[in-house]
**Q** 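Once you've had a glance at the structure underneath, I'll fire off some questions.
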Amino acid sequence: MDSLATLASATWGGPLLVLALMLPVAALMLAFVLGGRHAERVVLATLPIGLGVAVAIAAAIIHQGAALHYDLGGWAPPLGVSLHADGLSATLLLTTAVVLCAVGLYARADFRVPPGVSEARAPLAFWTLLLAVWAGLNAVFLGQDLFNLYVALELLTFAAVPLVCLSGSPQTIAAALRYLLFALMGSVLYLLGGALFYGAYGTLDIPMLSARLASGDPIAPAALAAAALMTAGLLAKTALFPLHLWLPPAHAGAPAAGSAVLSALVVKASFFLILRLWFDVMPASLTHLAAQVLAALGAAAILFGGVLALRQARLKMLIAYSTLAQIGYLFLVFPLVANPAAAPILDLGQTPGAWTGGVLQLVSHAFAKAAMFMAAGLIAGALGHDQLRGLGGIGRVLPMTVFAFALAGLSLMGLPPSGGFASKWLLLSASIETGQWWWTLVMLAGGLLTGAYLFRVLAPALSTRGPPLTLVKPVERSRELVVLGLALCSVVLGLVPFSSFGLVQIGRLGATGIGLP
Amino acid sequence: MTVRPGPGGSGFSRDATARGAGFFGCWLLLAGPGWSNPAAVPAVDVAVGLLAAAAATWASVHLLPPTPGRVRLGALGRLLLRFLWQSIVGGSDVARRAFAPRLSLQPGYLVYPVRTPPGPRRALFGALTSLVPGTLPVGSEPQAGAGCALVYHCLDLRQPVADGLAKDEALMIQGCGEDATDV
Amino acid sequence: MSVALAADAGLALLILGLAVWTSIARTAGGAVIGFMAYGLLVALVWVRLAAVDVALTEAALGSGLTGFVLLGAAARLPRDAPAARPGWGLRLAAGVVSAAVAAGLAAVVLLLPVSAPTLAPAATANLPALGLGNPVTGVLIAYRAIDTLLESVVLVLALIGLWSLARDGDWGGRPGALRSADPSPALVLLAQVLPPLGILVGIYLFWTGAIAPGGAFQGGTVLAAMWVLTLVTGLTRPPRVGGRGVRLLLVAGPALFLAIGVAGFWLGGAFLAYPAGYAKPLILAIEAALTLSIAVALGLLLAGPPLAQSGPRA
Amino acid sequence: MTIALTLFTIITVALGVVFFLAGTVGLLRFPDTLTRLHALTKADNLGLGLVVLGLLPQVAWPFGGLKLIAVWLLALLAGATVGPLLGHAAWTQERGREPPP
Amino acid sequence: MSEFLLIAALCVLGTVALGLVVILRGPTEADRLSAAQLLGTGGVAALLLLGVATDTTGVADLALVLALLAAFAAVAFITPFGTNGGRADPVAQPDRPQDPE
Amino acid sequence: MSSVTLFGLCGAALVGLGLFGLIVQPGVLRKILAFNLLGSGVLLLFGVIARRGGGVVAGNGSDPVAQALIITALVVAFAATVLAVALLRRLVQETGRDSLDSDG
């Protein structure tokens, strides 16, 4: 039988993209219907498959050396919606799958259905929401249509907000409410931007939009307004300073597995969209201007988040504020890539190092932050609290957990050998190469601040003085191993030679907007 | 009050069939404009209409089980006509008072001992009489003995409101078929 | 057409007035009522903008159900301890930002390109192949099917989020937010008479969506409203949240959508593609299942989180 | 015939508008909540009925017209139930202030 | 004809607006609640007039939905107040200011 | 000025009003209401765009693509409102407050 559409196009491996998008959705429905103990089983069965799909997508992209593409329903854009995975998307899909696998293994102990009942509230909610987060993230990373991405963002919001208040305490309810209001404002502004783009150019498809923006001589005022509104909305969702108010209480109050997902992955989704907006949609001349503003906010976030993290009394709050600062680094990518000085590199057919550095920061922070939150969860579970001043000597009791925490910290600080080091090195050298030394100062100051607040955790934890600690609850070895594995991931990234990060560049070079034409 | 299975019997099924036919008629009314040529209505349209009417009938029978007791169509028709007329008079009455240079109102409450037993019929009586000029049922009060009275708010107590209500009630009992075993 | 312009100006002024009222009303209840009136009039604006599909959704969802939810919340707000207003600095800054955004948007509206680029011709041109007469349904179920599919999952997700707000001990119970203690006879009569008619209208809206304004969302919303009416009066009871049947109903729409989409790989040549000649029946099947799922989801969203199994709590 | 129908529409719709106006004037002039409710529920329903009646010659017959009548009947049903509901609410409030008559 | 209908719609909207001003001013919640009734009839009338005047398809269906849900809106007004056990009836409370002016 | 432009300006004003309310309103319910105003202003602007596009082609119609997107967004906004209200009700139950003041 014939398909109705005639203009459809799909690359080899395109159906993999559909699989990556629909696997979590199908699993979500199955887990919800079966309920009870089956929910966990469905998730644990699906996660490895999803990881396999992500690996297959990455392999297909490397093998072809080009991005994957799929027109849904056989309807080609602009009428239809298409999925698209370049090297960056594949990297993020892979990161998501790895982190979620770890989180799934880790969370089994926290979200077990208690004996005697067939189903309990928190486990059902957690496992289904985890799948929903996954679906939302994959949809964001694969989306190629501004409105489809809006739905993906909403999917993510509806999955993430209830995760924040799974414990049901008043503080977490208030935090979830605040998060929801910020997220909703963000999505509405994003939607308005999409509407304006559609009104000005008659398409929501990113490549088409980019082409039309590049071809039309003056840029429509609507497009400028749209880009500004979308950026503002997405910044609120990413929690970049000064729109960060919701993040610390939300991430600190969520269950450890939830915080890991939120900090490591969810906020990255909206950052990814900002990246796409400015590098894939808007013309480079404008990106160059916006990049300065974004990076200035990022620099403020690095310093502000670092200082506030120093002043926290609770371990989880400290890690949450650290997320604030680490998000700031991501925004330094903008002026370092979108810079006239980077143009010669592009002419050579290479992506600027800052690009690789930014992606590496994204990925290594995801691993490191997930590991940290989960380590903090283990510590809090074992001690019954997570006050910093009560951590003395925890290193003797939970050596593996503290070791994992320290490894992750290594990456956050940017010390060798770690993914954080590689990324920050690339960013630093890019800032020097492009003659923007002031960002160098910010990064160095941020590194110092990170070192300082992590020292506040590690120094007492590793000290040998003081009375021996008594644990409220023993810690399962398997969970420690999971955390350690993630922390190792973030470190190992730094041991791989830069040249093997070719994946993150596939499909990017031809795109408009990266650097100057 | 929960969902009650309707009583069986031929009266029941006859009543349900009548409702179903009514609902199917409503469906025709809804979907009719979509058929450009009424002579060639697709069978599937009719089938969906029948399904919808069946669903509506099912809901109707569950929510408001048919009660035994004869419904006199003629009386019911007269009842409906009367209330349509009443609503017209009621509207005009209010308009007259609103536009009158001097506001001629004497609002107050009237307690009307109602004969209709509690349940759908009394509620129907309340709803219908809310269209009657100058009256608005606002609640009910227990009476001495087993009876019950509806409290009406009246725009003008000088009017013979209670007589009118009694007349309406008589007509309604006649139309809907009084039955002592009602709810 | 100056009369039409005058009517539209009146409508716009009325809407703005109600929006301002909603923002400044002294009581929360008053603000919500203002908002409901606002929503109803916005539905009229959608008619004036020739978007009857949207008007139907707005009337049913934007004004009706949203108002219902908000009023329920307004009635339960604490009476005392009004929250402190933010300082004048923040208010000033917010005022400047909001005014700038509004002014910028107004300028954008005035400066929109003369030749409005649009996908309308493409959307209409491909309709015959789908056997549909309503292009909006074509967009929702065919061209941009993925959005609608994910959208119906969002509704399920919202429900999971809502249920997750229950207390641990209440899990497995029935939602209990709607049951009113002593519904008045007039209300009961309404709940007995109106739902059958509402069911007819709901099914009709879904069915006519293929050729005229209407569709699964609109039909589902009307059905949900009718269900809620019977829940409020206690004529029906909400299902237990643990039940598998209700969950099957909730995912029936998205699941069927997904299944037909996957079948499209083989039969239609692509995921979410419909095989030629079978498009209309498949679309109607999906819409029917979606209508049902949406109705159940919306009804349960209004019914609130579950309460303990020991009967309704007042 | 057409002129007669047009005239009929104009007169009936205008009359309907007058009744809407009457309802609003009643709202303005009547002294308390319950009397205002009378004004609302009765005058407006009649106004809608007249508008529907006036529009009947202007729409496709029979379905369009019957649909309009159905709209009016539904609105009437709504009015007939909403009136008592709100009346009850207002009455309860008034009773809270003073003993019932 | 269509101009006359538009003028009529404008008039109905005007009276509805005037009525809303009265109703939303209060003084009680029950007063405000009658806004539902006012819009249920006035809004539907304006809609029908607008729709017939501009010959928009589907307007009758929209009016039907509005009329169906007009009653539902009123139920929304009543329900939240009934669920508090039926005794503490916030409708019967005088205004509860939330924000100090 | 045409009716469409008029409604566009109305939508712009609503966006400003909603944004302002969302930031400065102290009560959560008021914030939710402001969000709804903001959302409907945004959709109104979208509708204006749709009307322009549809008007060019169909003469008397509205762009069906935009209409479908608006419907989807309306449903999302409703679900968001329900979730926010549920959180608010839980917050009021737990703390007796209608604001997020003292937690940040």
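All chains are named by letter (A, B, ...) in the order of the sequence lines, taking the proteins before the strands, and each is independently numbered beginning at 1.
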**Q** Nearest 0.5 Å, please: how far is CD in D:Gln58 from CG in E:Leu49?
**A**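 If we round to the nearest 0.5 Å, E:Leu49:CG and D:Gln58:CD are 10.5 Å apart.
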**Q** List the atom of D:Leu74, the atom of E:Ala67, and the distance in Å for their closest heavy-atom pair.
**A**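 Nearest pair, atom of D:Leu74 first, then E:Ala67: CB-CB, 3.8 Å.
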**Q** Check each atom of D:Leu68 against the heavy atoms of chain E and say whether the ones under 4.5 Å are side chain, backbone, both or neither.
**A**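 The side chain, not the backbone.
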**Q** Minimum heavy-atom separation for E:Ala8 and D:Val13, please, with both atom names.
**A**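 It is CB-CG1, 3.6 Å.
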**Q** Quick one: are D:Leu21 and E:Val12 in side-chain contact, heavy atoms under 4.5 Å?
**A**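 The answer is no; the side chains never approach within 4.5 Å.
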**Q** Between D:Leu27, D:Val17, D:Thr33, D:Asp32, which has the largest tally of heavy atom pairs under 4.5 Å with chain E?
**A**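 Most pairs with chain E among the choices: D:Thr33.
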**Q** May I have the step-by-step check of side chain to side chain contact (heavy atoms under 4.5 Å, CB included) for E:Ile23 and D:Leu40, ending in yes or no?
**A** CA-CA 10 Å; E:Ile23 282 176; D:Leu40 251 182; 4.0 Å; yes
**Q** Find the one option among E:Leu66, E:Val59, E:Leu48 whose heavy-atom pairs under 4.5 Å with chain D are most numerous.
**A**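 Of the options given, most contacts go to E:Leu48.
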**Q** Taking D:Thr24 for the side chain and E:Thr15 for the main chain, is one N or O donor matched with an acceptor at less than 3.5 Å?
**A**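 At least one qualifying donor-acceptor pair exists.
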**Q** Please flag which part of D:Leu37 lies under 4.5 Å from any non-hydrogen atom of chain E: side chain, backbone, both or neither.
**A**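 Only the side chain of D:Leu37 comes within 4.5 Å of chain E.
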**Q** Counting heavy-atom pairs under 4.5 Å to chain E, which of D:Ile10, D:Leu28, D:Leu76 comes out on top?
**A**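 Of the options given, most contacts go to D:Ile10.
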**Q** Does any non-hydrogen side-chain atom of E:Thr41 lie less than 4.5 Å from one of D:Phe20?
**A**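 Yes - at least one pair of side-chain heavy atoms lies under 4.5 Å apart.
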**Q** What residues of residues 49-57 of chain D sit under 4.5 Å from chain E when you count only heavy atoms?
**A**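 So the qualifying residues are D:Val51, D:Val52, D:Leu55.
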